[in-house]
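In listed order, ligands and their atoms are each counted from 1. Just so it is clear, the model here is predicted, and its values are computed rather than measured.
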Amino acid sequence: MKLKLFLFVYVLISSNLLYSQSTIKSLVESKKGMVVSTHPLASEIGRSILQKGGNAIDAAIAVNFALAVCHPSAGNIGGGGFMVFRNAKGKVFALDFREKAPLASSKDMYLDASGNVIPEKSFVGIFSVGVPGTVAGMDEMHRKFGSLPWKVLIQPAVDLARNGHLLTFREANGLNANKSDFIKENKDHSYLINPNNIDWRKDDLLIQEDLANTLERILTHKSKGFYQGKTAELIINEMRRHHGIITQKDLSSYQAVWRKPIVQSYKNLQIIGMPPPSSGGIALAQLMGMVEKYPLSTWGAASDSTVQLMIEAERRVFADRAKWLGDPDFVQVPIKSLVDSAYIQNRISSMDFVKATPSSAISAGQFAGYESPETTHYSIVDAAGNAVSITTTLNNSYGSKVFVGGAGFLLNDEMDDFSAKAGAPNLYGLVGSKANEIQPNKRMLSSMTPTIITENGQLKMVVGTPGGSTIITSVFQVVLNALEFGMNMQQAVEYPRFHQQWKPEHTRIEPNRLSLTQMERLKKKGYEFTNSASIGLVEAILVLPSGHLQGGADSRGDDTALGLD
Ligand code: GLY
């Protein structure tokens with residue numbers, strides 16, 4: 001019996017040690033600047049732009065277009081995203097380049113004659129595509145803040161597509177796993193399929209000629225090289241071939257929009273986040289507010305109390321998300337009420353450390369009246385202290401799986417982020433209501449949480465991640481890991497995560513987040529758990545009191561942090 005117990009404890013300890021020692025990436029530090037993205041080639045291109053004297057925005061644009069080539073599952077020109085930017089003088093900005101519902105879209109477009117959601121229609125194939133925003137967003141960022149010529153920023157991506165890049169093990173697997181969908185959704189052309197009709201392997205060379213030509217048109221004409229002329233023509237041809245609904249009018253009228261960032265205090269920190277149509281900024285503000293009064297650093301990251309508090313906060317926040325959040329150009333979002341600190345304290349006050357609050361007992365907060373899962377993230381800080389946090393997405397991995405014939409890029413399936421029917425779960429199990437129903441020209445609600453944190457007015461952290469609904473909870477947990485639990489940036493990113501989103505009831509957990517005995521204790525209190533292989537792919541930068549930058553690049557992916565020498 002004693003031996004069994006010893007072996008059990010040994011396995012537990014050694015599995016944790018294994019996790020913390022062999023799988024985590026080493027810590028990267030720099031005095032001058034840092035680029036963290038999900039692909040080593042994109043991070044290298046971003047760093048080379050900083051080395052040429054470009055600023056953080058220049059580097060971000062170059063990283064974005066590089067990811068569209070070397071990380072096709074999420075890097076994109078056929079999707080959309082959000083940017084939070086803090087310049088070296090401390091001014092903050094938020095840019096919305098989220099996709100839009102096409103003009104010919106309608107509230108019930110994913111329902112059958114009986115009013116039921118038609119499986120997959122909102123997330124596979126041409127009907128799932130929202131009007132892309134990424135290229136307009138990059139153009140607008142450059143117009144307002146770029147310092148190097150646009151061509152210098154796009155050329156590395158053109159070269160990468162034309163000369164090819166070597167596939168990583170993960171990319172090769174991702175392409176192989178999606179091959180049948182690529183064939184099914186693209187009868188007239190073939191992209192990202194091995195020309196020898198065999199599976200891709202690590203270090204195979206992937207050349208993307210049509211994409212190189214598209215990027216060259218963007219290099220020459222900026223966003224007009226995408227929304228007008230030959231690329232637009234190819235998009236419209238693709239729509240016509242498959243009876244899609246995006247028109248030239250949709251493309252010509254697309255504009256990125258500057259919005260007011262959500263800025264919320266937490267102790268002596270300021271959390272700067274993305275406002276609607278992303279839910280990320282409001283949700284993170286609420287989460288941080290709900291845990292602020294508790295002695296988290298004393299409890300530690302692994303304690304039952306910490307885990308319970310975070311699960312209960314997450315449950316409450318997602319209930320509000322489902323009811324209140326949508327595109328502020330179409331619905332009134334009660335932002336002030338949702339981030340009001342009395343409201344937030346009141347919401348968490350119903351939690352009981354003795355037993356779990358079932359999700360069925362939680363509903364969205366009520367206000368007296370209105371006030372008048374694939375994605376990718378990159379975090380960059382330049383030598384001057386400009387900081388940029390950008391999350392972009394095609395939604396699902398490889399988006400709609402539809403390529404634009406002749407243009408060589410994938411279109412998003414972002415329409416699934418709308419609520420196809422009140423209360424019906426989307427791809428991520430998220431439910432929504434009227435605030436997020438489909439309307440022509442409206443932007444679908446997002447969970448993307450590009451975030452910048454300052455401490456006493458000084459830059460402290462830049463952070464974000466892909467992961468659908470788990471984006472919000474991953475950012476929340478990484479922020480606490482670094483700023484409450486004293487982990488360095490790499491440890492904070494690597495530490496195993498969990499995710500609770502109100503509905504469903506259960507909390508998803510990664511291996512090694514809870515010990516078996518701890519999980520049994522929490523189950524007795526009413527918590528339900530399911531295993532999750534991996535949650536999020538966080539890219540983060542922490543500024544140390546010395547001013548040095550620490551990069552955090554997630555071992556869950558090919559993520560790479562590169563400092564400026
Ligand atoms: N497509 C994932 C999100 O925007 O939340």
ask   = For residues 93-110, which residue pairs qualify under salt bridge (charged side-chain N to carboxylate O under 4.0 Å, His left out), counting only residues two or more places apart or in two chains?
value =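 Matches after skipping sequence neighbours: Asp96-Arg259, Asp96-Arg443, Arg98-Glu414, Arg98-Asp417.
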request  = Give a yes or no on whether Lys260 atom NZ has more than 12 heavy-atom contacts from other residues, nucleotides or ligands under 6.0 Å away.
outcome  =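 Check fails, neighbour count at 12 or below.
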request  = For atom CD of Gln255, decide whether the heavy atoms of other residues, nucleotides or ligands shown that lie under 6.0 angstrom number more than 12.
outcome  =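 Not more than 12 within 6.0 Å, no.
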For [X], the ligand 1 atoms whose distance to one of its heavy atoms is below 4.0 Å:
X	value
Met448	4 (O), 5 (O)
Thr393	1 (N)
Asp417	1 (N), 2 (C), 3 (C), 4 (O), 5 (O)
Ser447	3 (C), 4 (O), 5 (O)

query = Can you tell which part of Met444 has a heavy atom less than 4.0 Å from ligand 1: side chain, backbone, both or neither?
reply =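 Neither; no heavy atom under 4.0 Å.
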key: Audit row: Lys442, Asp327, salt bridge (Lys or Arg N to Asp or Glu O under 4.0 Å) steps and yes/no   = CA-CA 7 Å; Lys442 189 176 176 185; Asp327 182 349; over 6 Å; no
ask   = In chain order, what residues pass the ring-ring contact (aromatic ring centres under 6.0 Å, His included) check against Phe418, with sequence neighbours excluded?
value =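 For Phe418, no residue satisfies ring-ring contact (aromatic ring centres under 6.0 Å, His included) once neighbours in sequence are set aside.
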request  = Look at ligand 1 and say whether Arg98 reaches it with a heavy atom at a distance under 4.0 Å.
outcome  =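 It does; at least one heavy atom falls under 4.0 Å.
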